[in-house]
Amino acid sequence: MSAWDWEAGENYVKDMLQGLNLRMEDKCRRRPQRTGFLYDDRMTRHYCSWNPEYTEIPGRLLKSYERCQEYGLVERCHRVQARHASQEEMTLLHDEELVLKLKETASMTAEETKRLAKKYDYIYFHPDVYDNSRLALGSSIEMVDKILSRQVRNGMALVRPPGHHAMRSKFCGYCYLNNVATAAQFALDNYGLNRVLIVDWDVHHGQGTQYMFYDDPRVLYFSIHRHEHGVEWPNLDESEYTFVGDGAGQGYNVNVPLNVHGCGDSDYMAIILQVLLPVAFEFRPELILVSAGYDAALGCPEGEMQVTPAFFAHVVNLLSPLADGQLCLILEGGYCLQSLAEGVALSLAALLGDPCPQLAPLLAPCSSVRESILNCLKVLRCYWKSFCYQGSLAEDNIPEFPSLLQWPVTVNQDRSSRETFSLLEPCFDVKQEAVIAGYVQELERWIANLNRRKTNNRVCLGFHEKLLQHRSLKEVNHPECPERLTSIMSTLERWGLLHRCILPQERSVTEEELSLVHSSSHIRRMMKLSALDEEALMKYPGTFNSVFVCKDTYAAASQAVGTVLSVVDAVMKDEATSGVAVIRPPGHHACEGHPMGYCIFNNVAIAAKYAMSKFNVNRVLYVSLHRFDDGRFFPYGSDGNMGTVGEGSGKGFSVNIPWRLGRMGDSEYIAAFQQIILPIAYEFCPDLVLVSAGFDAAREDDLGGYKLSPQCFALMTNLLMGLANGRIVLALEGGYNQEMTSAGLCLCTSVLLGDTCPPLPEPQARPSPSAVETMTSVIGVQKQFWKTLCFCVDLPDEDRVRNIGGLNPNKDNAAEEGKTDGLSQDEELVCHTLSDMTVRNKGDAKGSCDDRAKSTYRQ
Ligand code: Q9C
Ligand code: ZN
């Protein structure tokens with residue numbers, strides 16, 4: 001629906017809600033969704049007999065499997081049986097001759113295979129290579145089949161040999177048959193899929209996979225790889241960012257070449273947030289295949305990178321709301337046994353929905369990676385409308401990175417050295433050996449310090465009858481009514497979510513706890529309400545802005561605080577992974593000395609101070625997305641503007657995203673998460689995430705006037721779940737359309753319980769121009785505090801890019817018209833309304849403050 005038509009809109013919303021209800025009620029009848037896991041020790045048989053130590057060794061599979069068992073993950077998975085690929089499957093993407101040749105190697109002598117191997121780049125043969133290649137390929141297809149036939153939600157296949165370097169008629173780089181590419185083709189052919197995303201996080205460029213779908217828009221290939229301007233293997237021009245696809249496939253091949261080694265989580269996360277997520281959300285894949293190599297991980301001699309094993313779990317979490325959760329990891333490279341095994345195990349844990357181990361506070365990406373990212377955006381922004389945060393560079397301006405005005409220059413490799421048999425050469429020199437030894441030490445420390453957070457219960461859900469007693473005496477139909485909570489509770493029950501949660505210890509709140517935020521005069525005044533008669537109560541709040549009270553107001557408001565504190569207790573004591581407080585009155589407008597905007601006590605602010613004093617964490621980051629309309633929307637004035645960034649030592653720890661002009665929807669909120677909230681949050685590295693979970697930005701909410709879908713709230717929750725080791729607590733704030741609020745909060749709870757994030761009802765559109773302007777202005781204000789916000793720079797415009805060198809001259813048809821539906825639909829101002837979803841994060845002292853000072857761009 002491009003233009004909002006209220007009548008169609010209402011029907012649409014009804015249908016959507018009905019669909020949601022059916023889906024959710026159906027879901028609780030079904031068995032919980034499982035994670036598929038495939039390991040078969042037959043695939044450990046082959047090795048390089050000329051150099052048995054040589055990197056691609058059987059121990060890779062064994063160690064990975066052992067680590068998954070040590071973490072108790074294997075028994076939680078649904079075991080999928082390995083199987084051989086059929087002849088037909090092997091030739092889906094490969095020449096028959098190639099398959100035949102591979103088959104023949106099984107009966108060749110060692111001398112014969114050695115001669116054959118010399119014709120290829122980094123290839124050895126072994127009598128079992130053919131059988132294992134068939135097993136690896138068949139197993140990859142089998143896992144995809146299990147996922148697409150909905151027998152499992154997602155899965156991981158531990159296979160050898162790897163596949164992504166294998167080409168139609170050439171073996172390459174330890175790969176014989178291309179497992180991931182063939183599995184994608186299988187999905188297209190057998191399930192009629194139209195959109196498959198391949199994420200290749202192996203440190204090498206999966207050129208085999210790239211070639212297979214280079215002109216096919218149904219398969220989006222995304223790869224981050226070591227390149228060093230072509231000096232690094234496989235030394236191909238085609239690994240450059242300028243290779244964006246051909247014909248109908250233009251824009252559907254995304255290469256992010258790394259031109260330095262030593263890249264770590266900060267570099268990789270910048271690529272994920274700036275390049276992968278925008279494209280992936282816009283593409284809306286029906287299936288995600290991951291070429292899951294772990295050779296970018298700390299300690300791997302092939303990659304010489306420094307990605308921590310936990311990073312891969314975060315990528316799994318960030319991708320999991322897409323494709324209805326259908327995510328399939330297929331092993332590729334990874335040659336440091338410890339970091340490989342750890343990376344595999346933590347990825348599998350993430351597929352199972354375990355909280356992601358916390359990453360160290362992110363720094364700015366190094367300048368070379370920043371340059372690579374900007375070069376990618378330069379060539380991709382004509383295909384993907386999500387890339388809209390970079391302006392266009394004036395003709396006579398020199399960019400920070402001159403390469404933005406140049407075509408990439410690939411260092412020409414002397415390929416003559418390849419004539420000798422590559423597998424007999426050492427893979428790295430003495431100097432590199434020392435570096436890697438250092439990385440391995442660091443890795444060992446990292447693994448020793450890792451404590452995987454394990455709780456038996458996923459969600460602690462707080463609610464109390466007393467919360468229903470607060471009500472407006474004057475307006476029976478006041479939107480902030482007790483039915484808001486009863487409607488939520490009954491939906492939780494109907495959707496089968498309630499019994500899956502644990503309940504917190506019942507508790508009230510002490511005056512001391514209230515005074516963490518509020519003045520004693522305010523507390524006393526609220527206490528004394530119970531002594532007033534009805535007439536006095538009706539008149540009472542006259543002096544306050546949008547406040548009503550009754551004689552039970554104090555009881556309810558203090559119970560609301562008590563409930564959220566008890567949920568925080570449960571989460572901080574690891575009795576539950578995360579929490580939800582179904583509470584009212586809401587809190588986030590309440591000030592130190594007075595109530596405001598339906599709020600009596602500030603639930604979330606008290607929870608933040610409480611967690612600081614009781615659990616010894618001492619920094620709070622406040623992030624708020626809200627309707628602002630230049631100060632003309634409640635609560636008015638400039639406090640909510642983007643220039644309000646905190647004071648004193650708190651400077652930079654308040655982040656306001658003040659929307660103006662038009663009705664914001666899913667696209668704008670998702671964009672703000674990708675562009676602003678996630679980078680800042682990963683840089684801040686909170687130990688607890690508190691969400692002021694208001695649902696009045698949802699569509700059909702008369703007070704908010706925005707149009708978010710309930711699904712979008714679940715998505716935002718899912719994106720935040722990677723932070724703080726999964727310690728996230730949602731506290732209800734506004735939300736005055738009861739159906740929307742119930743659906744929204746229940747979907748959030750469902751996601752916290754480990755269910756798949758429901759798909760968004762509409763495709764991602766380009767965020768409205770006013771939202772883009774707001775976001776770039778916010779980034780402009782905040783970038784002095786947060787080093788990860790370093791991508792709002794001007795890029796050469798399309799004509800200029802085209803003139804630089806011959807990139808796809810006929811790409812115009814691929815660029816789609818952007819949807820710009822924000823401006824035309826300015827809403828009337830609605831007074832005395834609340835509309836926002838705020839996020840408050842809390843972190844500890846040893847966090848990033850010092851680091852941030854140091855974190856200018858690394859070399
Ligand atoms: N120093 C996979 O990861 N080694 N294949 C190049 C350059 C070849 C990698 C050594 C690496 C092949 C699946
Ligand atoms: Zn690799």
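Reckoned from all heavy atoms, side chains included, excluding hydrogens, waters and symmetry mates. Start at 1 and go down the list; that is how both ligands and their atoms are numbered. Position 1 is the first residue of the sequence, and the numbers go up from there.
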Using heavy-atom distances, let me know which of Y174, Y335, Y122 sits nearest atom 13 (C) of ligand 1.
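The residue whose heavy atom sits nearest atom 13 (C) of ligand 1 is Y335.
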Per atom 11 (C) of ligand 1, closest listed option by heavy atom (H165, H164, E302):
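Shortest heavy-atom distance from atom 11 (C) of ligand 1: E302.
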Provide the number and element of each atom of ligand 1 under 4.0 Å from a heavy atom of [X].
X	answer
P162	13 (C)
D295	3 (O)
D202	3 (O)

Please list, one pair per line, the donor and acceptor atoms closer than 3.5 Å that link side chains of residues 310-318 to other protein atoms, with sequence neighbours excluded.
residue: H314; atom: ND1; partner: Y682; partner atom: OH; Å: 2.7
residue: H314; atom: NE2; partner: P357; partner atom: O; Å: 2.8
residue: N317; atom: ND2; partner: N718; partner atom: O; Å: 3.2

Pairs flagged by salt bridge (Lys or Arg N to Asp or Glu O under 4.0 Å) wherever residues 440-450 is involved - sequence neighbours left out
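The answer is none; no pair qualifies.
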For H165, which of W233, Y120, Y122 qualifies under ring pair (Phe, Tyr, Trp, His ring centres under 6.0 Å)?
W233
Check R134 with E89, please: is the shortest side-chain N to carboxylate O separation under 4.0 Å?
no
I'd like to check whether G173 has a polar contact with ligand 1, where a contact means an N/O of the residue lying under 3.5 Å from an N/O of the ligand.
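Yes, G173 has an N/O under 3.5 Å of an N/O on ligand 1.
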Under 2.8 Å: N/O/S of [X] next to the Zn ion (ligand 2):
X	result
D295	yes
E302	no
H204	yes

Would R45 and Y47 count as a cation-pi pair here, with the cationic atom under 6.0 angstrom from the ring centre and within 45° of the axis?
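Ring-cation test returns no.
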How is the N/O/S atom of D202 that comes nearest to the Zn ion (ligand 2) named?
OD1
Please determine, by modelled atom types, if Y39 and S64 share a side-chain donor-acceptor pair under 3.5 angstrom.
no
Hey, do the aromatic rings of F125 and F171 have their centres closer than 6.0 Å?
yes
